[in-house]
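First comes the structure, then the notes that go with it.
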Amino acid sequence: MSPPSKSEESPIGKTSQPPPISSLTTRIWLANLMQMILQEIKTQRGITLPLLAMNLTWFSKIAITTVFLGRLGELQLVSGTLGFTFANVTGFSVLNGLSAAMEPICGQAHGAKNFMLLHRTLLMVTLLLLLATLPISFLWLNVDKILIHCGQQEDVSRVAKNYLFYLFPDLIITCLLCPLKVYLSSQSVTVPIMFSSALGLAFHIPINILLAKAKGLEGVSMAIWITDLMVVILLASYVLMMENRKGGNWKEGGWLDQGVHDWLRLLKLCAPCCLTTCLEWWCWEILILLTGRLPNAKQAVGVIAIVLNFTTCFSL
Amino acid sequence: MLSLATCASTRVSNELGANQAGRAYQSAYVSLGTSTISGCIGALVMVGVRGVWGSLFSHDQGIIKGVKKMMLLMALIEVVNFPLAVCGGIVRGTARPWLGMYANLGGFYFLALPMAVLLAFKAALGLGGLLVGFLIGLVACLILLVVFVVRIDWEVEAEKAQKLAFCDVQEVDVKERMNHRTTETVDGAEA
């Protein structure tokens, strides 16, 4: 900002003609630039803030689950947390990464007003995610063997498997939820996502209280997918309403006519998207594993856990 | 960070799909700027609370001291991490996510992890060494991605996006483009 104001004052003394014109144009240019930037920031704020709130509900949900697990007892807390970490690393990170491949296709299709492509991609990604759950569910069903093989205690592994078994519906619900979220957010529609996640979170605590009393560990794990199911139903009905209302895009159709090249293109985008997410995620897990091998491991792990606790606030 | 990245990818891909290369370019750079600023704010917050944070979780004096030191390094990592995530989002918005994958692979696995191991175990720098190794890897990753983003030819990307979004609706293609032009002018008039 300061250079143009300087150049504005200096020509007054010289009284030469060209500098004022150039300073005027730079000033207009700067004003336009500022206006453009402000406009853009406003648009981006509209997209980012609801997403931020949505991610916040996701973290609060994990925190609530951990609190209820902790109230059940030490063994339940340890195995539940272990099971959930396993679920994240093998399941949810992969599903999230795969659905990120939807972003470029849906975003560009929305920009180009090609609603057929949007519809088709939503269905294709949902199908793809459901297919991806097959190998993941195989891993989940054998989680006790894997954990024992990695040197975990037997009772912890068994409880963790029980926890994952009751979390299983969440795998399929996430397959529906992730594409819906991306479908809406790539059209710059993020407020409904925020409201539905917030409503889900509001019901999470009462459901947890009820189920934890009735069924213990299994109840806590069931509460996770029950609230997710609510969010899916809310979002799906929002999408249906939005598409069917006057001026909606339902009649554009194109849900089912998918060709081989559509699938090829989607798969070509999916692999790197999924790998990017997973590679980054796993690298931080490796950092924690490496910390455990330091000479004063106990203290170092404590330090890194506390520090990373803080940085998760930023990953929202 | 995640929401900023999603936002960047949404904005860039929407504008590219609408064949607005200039607007896509603006969105990309504005989101990069926002992320850099938020990264710096985040780092400042981290430096500010580093004395208190450790004692919330532990009473062990050694751990509290360690947290105080590591928060400084972690703050530096966050400054890099924010624009890194947004660069990933921009690259994803242009439908070329493999660029992000290569940068991640190179930065994290060929630089960050080996450097971390070297510094922590060979140079016996402990946890600080691990984090410095990560910082070096992340900076390299960010430089790579920023170079990718700067070298993006937005006109070409917009053309590609048109192909991606219209490759199968050849017969309606022209009509839809015409429709789209008219809505655009309406938008412009409103703004």
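Throughout, protein chains are lettered first and strands after them, A, B, ... in sequence-line order, and every chain is numbered starting at 1.
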Which atoms of [X] come close to chain B, meaning under 4.5 Å heavy atom to heavy atom: side chain ones, backbone ones, both, or neither?
{"X": "A:A100", "value": "both"}
{"X": "A:T277", "value": "neither"}
{"X": "A:L290", "value": "both"}

inquiry  = Test your reading of the model: is there a side-chain donor-acceptor pair from A:Q108 to the backbone of B:G93, 3.5 Å cut-off?
reply    = yes
inquiry  = Between B:R11 and A:E40 (salt bridge meaning N to carboxylate O under 4.0 Å), is one present in this structure?
reply    = yes
inquiry  = With side-chain hydrogen bond (donor to acceptor under 3.5 Å, both in side chains) as the criterion, how do B:S9 and A:E103 come out once you've worked through the C-alpha distance, each side chain's angles and the decisive distance to 0.1 Å?
reply    = CA-CA 7 Å; B:S9 122; A:E103 272 177 27; 2.5 Å; yes
ask   = With a 4.5 Å heavy-atom cut-off, do A:S188 and B:N14 have their side chains touching?
value = yes
ask   = Would you say B:F134 and A:C283 make side-chain contact, with heavy atoms under 4.5 Å?
value =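 A side-chain contact under 4.5 Å exists here.
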inquiry  = Using a 4.5 angstrom heavy-atom cutoff, name the option from B:V49, B:L113, B:T94, B:T34 with the most pairs to chain A.
reply    =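 So the answer, after comparing B:V49, B:L113, B:T94, B:T34, is B:L113.
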Region of [X] that comes under 4.5 Å of a non-hydrogen atom in chain A:
{"X": "B:V12", "result": "neither"}
{"X": "B:L131", "result": "side chain"}
{"X": "B:I77", "result": "side chain"}

Close aromatic pair by centroid cut-off 6.0 Å: B:F108 and A:W282 = no
request  = Against chain B, work out which of A:I37, A:V182, A:L269 has the most heavy-atom pairs shorter than 4.5 Å and name it.
outcome  = A:L269
